[in-house]
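See below for the structure under consideration.
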Amino acid sequence: MPKSLTNKLSGDVQLIINNIMVMVKFRCRVMTLCFQGKGLFAKKLFKKGDTIFIEQPLVCAQFLWNALYKYRACDYCLRALETAEENARRLCGLPGLSLPYPELCKVRPELHQACPHCQVMYCSSECKRAAWEQYHRVLCLGPSREDPDHPINKLQDAWRLEMTDHFHTGAITFLSFLYFFNAFHFLSPQGQLALLRNLLTTALYDDYLSQWFTPEGFRSLFALVGTNGQGIGTSSLSQWVHACDALELPHQQREQLDAFIDQLYKDIDKETGDFLNCEGSGLYLLQSSCNHSCVPNAEASFPDNNFLLHLSALSDIRPGEEICISYLDCCQRDRSRHSRHKILRENYLFVCSCQKCMSQMDDADVTSEDEDEGEGETEGDDMEDEMTDV
């Protein structure tokens, strides 16, 4: 890779970091904690419902299954490319479905642009340009996008086959990541990594990034993305539903609209199940500093239908108080202390000592009744933070 491109990519990352630091200067700060690494603390009072910060990821990518199941999203910011009506038609299997209030859909197909070399889609010329400047000029497959023998396609196929039960983020996350960072070291290990490392080396070895192609470096990279990756969910349909909820309508029209939406979700559940969003994973500098609590005082969401993470207060947060999210979903947080610890120990390699867990120290080490249903799984399958609905 040309040294000039390396410098350009490093500059892009530094710009993102600088913007983040300016944004949170008077809001919160990262502090080092004994036995917990780092934590995020409030510098001002946040009332319940306040937005603590909005953050752009350092790097992100869609999951491989999106393309397989016809989900379409911007390759850079993950904004859904389907209109709400297109999304609803596909999810419920009704090609003639029409949504009321179509003007509430914010997707603008006329702005979408494709890479002229490989036809990867973007939601805007700005995203297309940003992707090209930051990583796509290196990773663009051009006419080889459909070539099964291309090294990157081989890597993607192996990732899909080998890691389906372990870690669902896209292999491109790693490729993009390699061009952004210089030094992180975390704990390791998965058995299939040797194959993936060899394929990655064949696809994209570069002397400047040689530390990441060693067995130890690749394990560290895998663990970094696995334990710090935040699930991202975008949906034009969810955004349209939220806009409908905000409409001021006469009582009868409100009842009709609510009934329509309720039936729509029943049809989607019958046809598609729970897989409603275009999903991906990203690494966020500030969000990754948030420690876990089984009684979190903040949560992440993606209301802009793209990769911008909004961290919002679930309760009042005083200055000096630690800002904590939950690595468990709502159902998992209601399980027994023993079950919660089992999930966190297996997937995040720590034992929780939050207020709720400490208050339940004397509880019997029993497994929750629903433990057998998806034992040990977290949203994003084992390695991702909770996938927050948009």
Qualifying residues under side chain to side chain donor-acceptor pair (under 3.5 Å), relative to Arg145, sequence neighbours excluded: none
Separation between SG of Cys278 and CD of Gln62, rounded to the nearest 0.5 Å: 4.5 Å
Considering all heavy atoms, the nearest Tyr284-Phe302 contact: OH-CE2, 3.4 Å
Main-chain N/O of Ser326 paired with Arg333 side-chain donor or acceptor, under 3.5 Å: no
Verdict with reasoning, Val59 to Tyr135, per side-chain contact (heavy atoms from CB on, under 4.5 Å): CA-CA 10 Å; Val59 62; Tyr135 64 87; over 6 Å; no
Expected output: side-chain Gln156 to main-chain Asn153 donor-acceptor under 3.5 Å: no
Spacing of Arg197 atom CZ and Leu155 atom CG [to the nearest 0.5 Å]: 13.0 Å
Close side-chain approach of Leu249 to Tyr101, heavy-atom, < 4.5 Å: yes
Residues, nucleotides or ligands: over 12 heavy atoms within 6.0 Å of Glu248 CD: no
Flag, side chain of Glu55 to backbone of Leu308, donor-acceptor distance under 3.5 Å: no
hydrophobic_cluster_shared for Leu111 and Val120, side chain cutoff 4.5 Å: no
Set of residues satisfying side-chain contact (heavy atoms from CB on, under 4.5 Å) with respect to Arg90, sequence neighbours excluded: Lys70, Tyr71, Glu82, Asn87
Cationic N near anionic O, under 4.0 Å, Lys47 to Asp316: yes
Polar side chain donor-acceptor pair, Glu126 to Ser124, under 3.5 angstrom: yes
Ser359 side-chain N/O to Lys356 backbone N/O, donor-acceptor pair under 3.5 Å: yes
Cluster link Leu94 to Leu257, ILVMFWY, side chain under 4.5 Å: yes
Check: Asn66 side chain, Glu279 main-chain N or O, donor-acceptor pair, under 3.5 Å: yes
Ring center gap for Tyr205 and Phe213 short of 6.0 angstrom: yes
Lys44 to Phe46 six-membered ring, cation-pi geometry met (6.0 Å, 45°): yes
For the student: nearest non-hydrogen atoms of Leu264 and Leu97, plus distance: CD1-CD2, 3.7 Å
Side chain to side chain, Ile261 and Trp240, heavy atoms closer than 4.5 Å: yes
Under the side-chain contact (heavy atoms from CB on, under 4.5 Å) test, residues paired with Pro319 that sit two or more places apart: Leu45
Co-membership, hydrophobic cluster, residues Val30 and Phe53, 4.5 Å side-chain: yes
Sidechain-backbone polar pair: Asp304 side chain, Asn306 backbone, donor-acceptor under 3.5 Å: no
Smallest separation among heavy atoms of Asn297 and Glu322, with atom names: ND2-O, 2.9 Å
For Ile323 against Ala298, the heavy-atom pair lying closest together: CG2-CB, 3.7 Å
Sidechain N-carboxylate O distance under 4.0 Å for Glu85, Arg89: yes
Ring geometry between His292 and Tyr327 (parallel below 30°, tilted from 30 to 60°, perpendicular above 60°): tilted
Smallest separation among heavy atoms of Pro303 and Gln239, with atom names: O-NE2, 3.5 Å
side-chain hydrogen bond (donor to acceptor under 3.5 Å, both in side chains) assessment of Gln360 paired with Arg340: CA-CA 11 Å; Gln360 297 174 342; Arg340 299 195 308 272; 2.8 Å; yes
Heavy-atom closest pair, residues Cys324 and Ser293: CB-CB, 3.7 Å
Heavy-atom side-chain proximity of Thr201 to Phe218 below 4.5 angstrom: no
Intermediate values then yes/no, side-chain contact (heavy atoms from CB on, under 4.5 Å), Leu141 and Asp147: CA-CA 9 Å; Leu141 299 183; Asp147 179 5; over 6 Å; no
Ser281 and Ile232, any side-chain heavy atoms less than 4.5 Å apart: no
Side chains of Arg29 and Leu40 in contact at under 4.5 Å (non-hydrogen atoms): no
NE2 on His251 to CD on Glu255, rounded to 0.5 Å: 3.5 Å
Shared hydrophobic cluster, Leu314 / Leu328 (ILVMFWY, side-chain heavy atoms < 4.5 Å): no
Test item: Ser288 side-chain N/O and Leu285 main-chain N/O as donor-acceptor pair under 3.5 Å: yes
Stepwise side-chain contact (heavy atoms from CB on, under 4.5 Å) check, Cys115 with His136: CA-CA 9 Å; Cys115 170; His136 192 62; 3.5 Å; yes
Flag, side chain of Arg79 to backbone of Thr234, donor-acceptor distance under 3.5 Å: no
Close side-chain approach of Phe41 to Cys28, heavy-atom, < 4.5 Å: no
side-chain contact (heavy atoms from CB on, under 4.5 Å) assessment of Cys290 paired with Leu311: CA-CA 10 Å; Cys290 292; Leu311 192 74; 4.1 Å; yes
Gln113 (side chain) donor-acceptor with Met121 (main chain) under 3.5 angstrom: no
Sidechain-backbone polar pair: Asp206 side chain, Tyr208 backbone, donor-acceptor under 3.5 Å: yes
Gln355 atom CD, neighbour heavy-atom count above 12 within 6.0 Å: no
Check: Lys342 and Arg335 side chains under 4.5 Å, non-hydrogen atoms: no
Cluster check Leu64, Leu221: I/L/V/M/F/W/Y, side chain < 4.5 angstrom: yes
Side-chain heavy-atom pair Thr83, Pro109 within 4.5 angstrom cut-off: yes
Neighbour count above 12 (heavy atom, 6.0 Å) for Gln252 CD: no
More than 12 heavy atoms from other groups under 6.0 Å of OH on Tyr69: no
